[in-house]
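Shown next, in structure tokens, is the structure this report addresses.
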There are 2 protein chains.
Amino acid sequence: MARKRFDDSNCSVARALNQVGDWWSLLIVLQSMYGTRRFVDFQQELGIAKNILCNRLTRLVENGVLKKVDVGEHGSRFEYRLTEKGRDLFPVVIALRQWGDKWNPAPDDEAPLDLRDRATGQPIPPVQVHNAIGEPLTVRDVFVPDTPPPGSKKDPA
Amino acid sequence: MARKRFDDSNCSVARALNQVGDWWSLLIVLQSMYGTRRFVDFQQELGIAKNILCNRLTRLVENGVLKKVDVGEHGSRFEYRLTEKGRDLFPVVIALRQWGDKWNPAPDDEAPLDLRDRATGQPIPPVQVHNAIGEPLTVRDVFVPDTPPPGSKKDPA
DNA sequence: CCAATTTGGTTTCTTTAAGCAACTCTATTT
DNA sequence: AAATAGAGTTGCTTAAAGAAACCAAATTGG
């Protein structure tokens, strides 16, 4: 695909997409959140080619999203588990899932993933952007305060 | 890239990624949220090839994420604006940005995008998944209540 | 008014990644 | 000892990404 790399982009979204912004990586993270840990299970549940899975797992490990754990007594049995960095993608994945459920509902009558709070059994409400006092915000409610150029010291122009 | 399509996947994350899950689409949406509307502006700000931009804009319009508005008096001047569906990606983009800022900080001393509430001027706190009563949740705090097969009516087994 | 430029593309070509299938190598099972 | 499973690797084919050139309508500018 001759991708452009965004490793050094000054946009953190671009840098984030560089790590988990391809179709498979985020789905692998999602599967990990569902509890999948083994190579073959990822392969079967995602229907991904083995070489691609291998590549993605390696990259995710390199990027610190997953860690590879040897669970065989003496090698050859591994698990891929989320790191804290990986688990921190939770809001992203959930927000994406909710967006998908809302705007691209399942073809048939599939339920839109009933995700629930383990403690209370209650469903999870939509992920929102909030302000400092907990009110929901939309795109229009935010602004970027005037991008100062990197080398500038608050010149009073 | 010979991608696999996920249009009819029963996973809404997969379906979402099908629409905005490539490197460019989400960046285009992000740029839109920053206010970019014109073809040339997208092209310059993203550094994307024109044919790819064209393709992505078309797909985003097809998918209802953007709408194409004729703003020339009689053609040849267009704007691409977010639809409600597109604006609804706000939490996704912000969550991704925050993840990027946290885990892949900018190479140099770039500031991590100071996004603020227009009303109060306060910075935006991290996007989190909450439960019904507003407490933050992690991956471990949620569960999927036992996937009932699509055609099943609450059998009391 | 005619030339240059801008905007929004399309076409062609090359590079690179995705997907598939077959193969390998070690461990475990039978 | 043979068969199977887990975790990859290799090679090939196809399709998409990227670059650059080209194009046509509309606008700008002298």
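Each chain gets a letter, A, B and so on, in the order the sequences are listed, and its residues count up from 1.
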Report task. State which of D/dG6, C/dA18, C/dT7 makes the closest approach to the side chain of B/R77. Result -> C/dT7
Report task. Please determine, for the side chain of A/F78, which listed nucleotide (C/dG9, C/dT7, D/dG8) has the closest atom? Result -> D/dG8
Query raised in the report: Roughly how many Å is it from CD1 in B/I52 to C1' in D/dA20, rounded to a whole number?
Result: 13 Å
Report summary line: Between CG of B/D70 and C1' of D/dA25 the distance, given in whole Å, is 12 Å
Query raised in the report: Starting at CG of B/D22 and ending at P of D/dA17, how long is that distance when rounded to a whole Å?
Result: 7 Å
Query raised in the report: Side chain of A/A49: nearest nucleotide among C/dC20, C/dT10, D/dG6?
Result: C/dC20
Query raised in the report: Any donor-acceptor pair under 3.5 Å linking the side chain of B/S25 with the backbone of B/G21?
Result: no
Query raised in the report: Roughly, in whole Å, what's the span from CZ in A/R37 to C1' in D/dA7?
Result: 18 Å
Requested in this report: Figure out the CG/P separation between A/N55 and C/dA18, and round it to whole Å.
Outcome: 7 Å
Query raised in the report: Contact class for B/F42 (heavy atom, under 4.0 Å): base, sugar-phosphate, or nothing?
Result: nothing
Report summary line: B/D88 meets the side-chain contact (heavy atoms from CB on, under 4.5 Å) criterion, sequence neighbours left out, with A/W99, A/K102, A/W103
Query raised in the report: Do any side-chain nitrogens or oxygens of A/K68 fall under 4.0 Å of OP1 or OP2 in D/dG6?
Result: no
**Report entry** Nucleotide D/dA16, atom C1' - distance to CG of B/L53 in whole Å
**Finding:** 16 Å
Query raised in the report: Counting only distance, no hydrogens or angles, is the base of D/dG11 paired donor-acceptor with the side chain of A/N51 under 3.5 Å?
Result: yes
Query raised in the report: Can you list the residues that meet the side-chain contact (heavy atoms from CB on, under 4.5 Å) rule with B/E45, with sequence neighbours excluded?
Result: B/Q31, B/T36, B/D41
Query raised in the report: Counting only N and O atoms by type, is there a donor-acceptor contact under 3.5 Å from the side chain of A/K68 to the main-chain atoms of A/L57?
Result: no
Query raised in the report: Once you round it to whole Å, what is the distance between P of C/dG19 and CG of A/L27?
Result: 11 Å
Query raised in the report: Think A/Y80 has a side-chain N or O under 4.0 angstrom from the OP1 or OP2 of D/dG8?
Result: yes
Query - Spacing of A/D41 atom CG relative to D/dG6 atom P, expressed in whole Å - result: 8 Å
Query - Transitive ILVMFWY side-chain link B/V144 to A/L27, under 4.5 Å - result: yes
Query raised in the report: So, is A/W24 close to the C/dG19 phosphate, meaning a side-chain N or O under 4.0 Å from OP1 or OP2?
Result: yes
Query - Side-chain N,O (A/K50) to OP1/OP2 (D/dG11) below 4.0 Å - result: no
